[in-house]
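We count ligands from 1, going down the list as the structure has it; atoms in each ligand are counted the same way. Remember, it's a predicted structure, so these values are computed and weren't measured experimentally.
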Amino acid sequence: MDRPLTIIANWKMHKTRLQAQEFMQSLQKCLVCDHLNVLIAAPYTVIETCIALGIPGVKVGAQNVSEHRSGPYTGEISAEMLADVKASFCLVGHSERRILFHETSEQIAKKILRLVEAGIQPILCVGETFEQRQAGLTEQVLFSQIETALCSLSLQDIGKICLSYEPVWAIGSGVAASAEILQLVHGSCRDFLRKRWGQDISDQVKILYGGSVTSHTIAQIISQNDVDGVLIGGASLDVHMFANIIKISGELKL
Ligand code: PGA
């Protein structure tokens with residue numbers, strides 16, 4: 001099954017409007033691959049700035065959304081508001097949200113529903129902690145995160161979801177998951193999707209990897225079966241580093 005490679009920059013809480021504009025202008029100059037999907041998960045305040053530059057082939061989205069449609073939720077941003085600024089996707093369930101902001105799987109499931117209603121693609125992040133891996137619980141944790149997040153969606157909507165496997169121990173640690181781990185985990189997630197929702201869903205859903213991806217690790221990561229792309233934090237902040245990762249990926253996946 002041909003699933004075009006997806007490269008997502010997750011800027012987290014970085015970049016002012018000017019910095020975002022400079023990044024996008026430089027990216028446009030050095031972007032050479034038109035057969036990859038390039039996505040920028042931007043802070044809310046720069047989404048419109050990035051979209052306004054209109055770089056062909058680059059989609060702009062958000063890093064979080066409220067699980068509520070509207071109401072007295074000070075500081076929250078709804079899916080409808082994201083659609084209004086033309087965000088095309090949104091990260092959900094990143095471990096920094098689960099751990100630092102105590103988001104539960106149930107909230108994550110609601111956020112996905114809100115995004116689907118608003119026509120925005122959810123990128124569902126799942127991942128185990130170091131302790132869970134040591135205890136042999138990786139698959140159990142991932143399958144349960146996927147199940148709770150997706151169980152109330154229609155098959156058609158599940159097919160539009162993109163998963164990102166992000167082991168908590170690899171995020172920002174400088175140590176990406178090994179090729180062996182990626183083979184095993186991505187393969188078993190795909191297998192879980194097949195057993196739970198059928199062959200078509202397991203063929204359609206992209207499974208990305210996130211956690212200390214750099215220009216040094218990208219080639220090995222995307223060479224693994226069932227790795228359909230990457231989500232990049234730290235190394236996506238510098239436009240030259242990010243463009244280099246795109247270039248290497250594009251050459252490998254011609
Ligand atoms: P990192 O972040 O690339 O800085 O490890 C990845 C992520 O947040 O998924």
Student: Are the charged groups of Glu147 and Arg196 less than 4.0 angstrom apart, N to O?
Tutor: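 Looking at Glu147 and Arg196, the cut-off is met.
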
Student: Suppose we measure from atom 2 (O) of ligand 1 to each protein heavy atom; which comes out shortest, and what is that distance?
Tutor: Lys12 NZ, 3.3 Å

Student: Tell me whether Ile232 has any N or O atom under 3.5 angstrom from an N or O of ligand 1.
Tutor: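 Looking only at distances, the answer is no, because the N/O contact criterion of under 3.5 Å is not met.
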
Student: For the backbone of Leu184 and the side chain of Ser188, can you confirm whether one donor and one acceptor N or O come within less than 3.5 Å of each other?
Tutor: yes

Student: Show which atoms of ligand 1 fall inside a sub-4.0 Å distance from at least one heavy-atom site of His94.
Tutor: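 Close to His94: 7 (C), 8 (O), 9 (O).
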
Student: Between His35 and Pro4 (side chain of the first, backbone of the second, donor and acceptor by atom type, cut-off under 3.5 Å), is there such a pair?
Tutor: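 Flag not set: sc His35 to bb Pro4 has no pair under 3.5 Å.
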
Student: Assigning hydrophobic clusters by single linkage (Ile, Leu, Val, Met, Phe, Trp, Tyr; side-chain heavy-atom cutoff under 4.5 Å), is Ile207 placed with Ile221?
Tutor: yes

Student: Among all protein heavy atoms, pick out the one at the shortest distance from atom 3 (O) of ligand 1; state its residue, atom name and that distance to 0.1 Å.
Tutor: Gly233 N, 2.9 Å

Student: What atoms of ligand 1 come within less than 4.0 Å of a heavy atom belonging to Gly234?
Tutor: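 So the answer, numbered in order with elements, is 1 (P), 3 (O), 4 (O).
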
Student: Less than 4.0 Å between a side-chain N and a carboxylate O, is that true for Arg69 and Glu117?
Tutor: yes

Student: Identify the closest protein heavy atom to atom 9 (O) of ligand 1: which residue and atom is it, and at what distance?
Tutor: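 Checked against all protein heavy atoms, atom 9 (O) of ligand 1 sits closest to Glu166 OE1, 2.4 Å.
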
Student: So, Arg97 and Glu103, do they make that salt bridge, N to O below 4.0 Å?
Tutor: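 So Arg97 pairs with Glu103 through a salt bridge.
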
Student: Does any N or O of ligand 1 fall below 3.5 Å from an N or O anywhere on Ser173, backbone included?
Tutor: no

Student: What orientation do Tyr73 and His68 show, parallel under 30°, tilted 30 to 60°, or perpendicular over 60°?
Tutor: parallel

Student: Between the candidates Gly172, Ala41, Pro167, which shows the shortest non-hydrogen contact distance to atom 5 (O) of ligand 1?
Tutor: Gly172

Student: In terms of atom number and element, which parts of ligand 1 are under 4.0 angstrom from non-hydrogen atoms of Gly211?
Tutor: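 Contacts of ligand 1 toward Gly211, numbered from 1: 5 (O), 6 (C).
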
Student: Looking only at distance, does Ser212 have an N or O less than 3.5 Å from an N or O of ligand 1?
Tutor: yes

Student: According to the interplanar angle, ranging from 0 to 90°, do the rings of Trp197 and Phe192 count as parallel (below 30°), tilted (30 to 60°) or perpendicular (above 60°)?
Tutor: perpendicular

Student: Geometry only, no angles: is Leu231 polar-contacting ligand 1 at N/O separations under 3.5 Å?
Tutor: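 N/O-N/O distance below 3.5 Å does not exist for this pair.
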
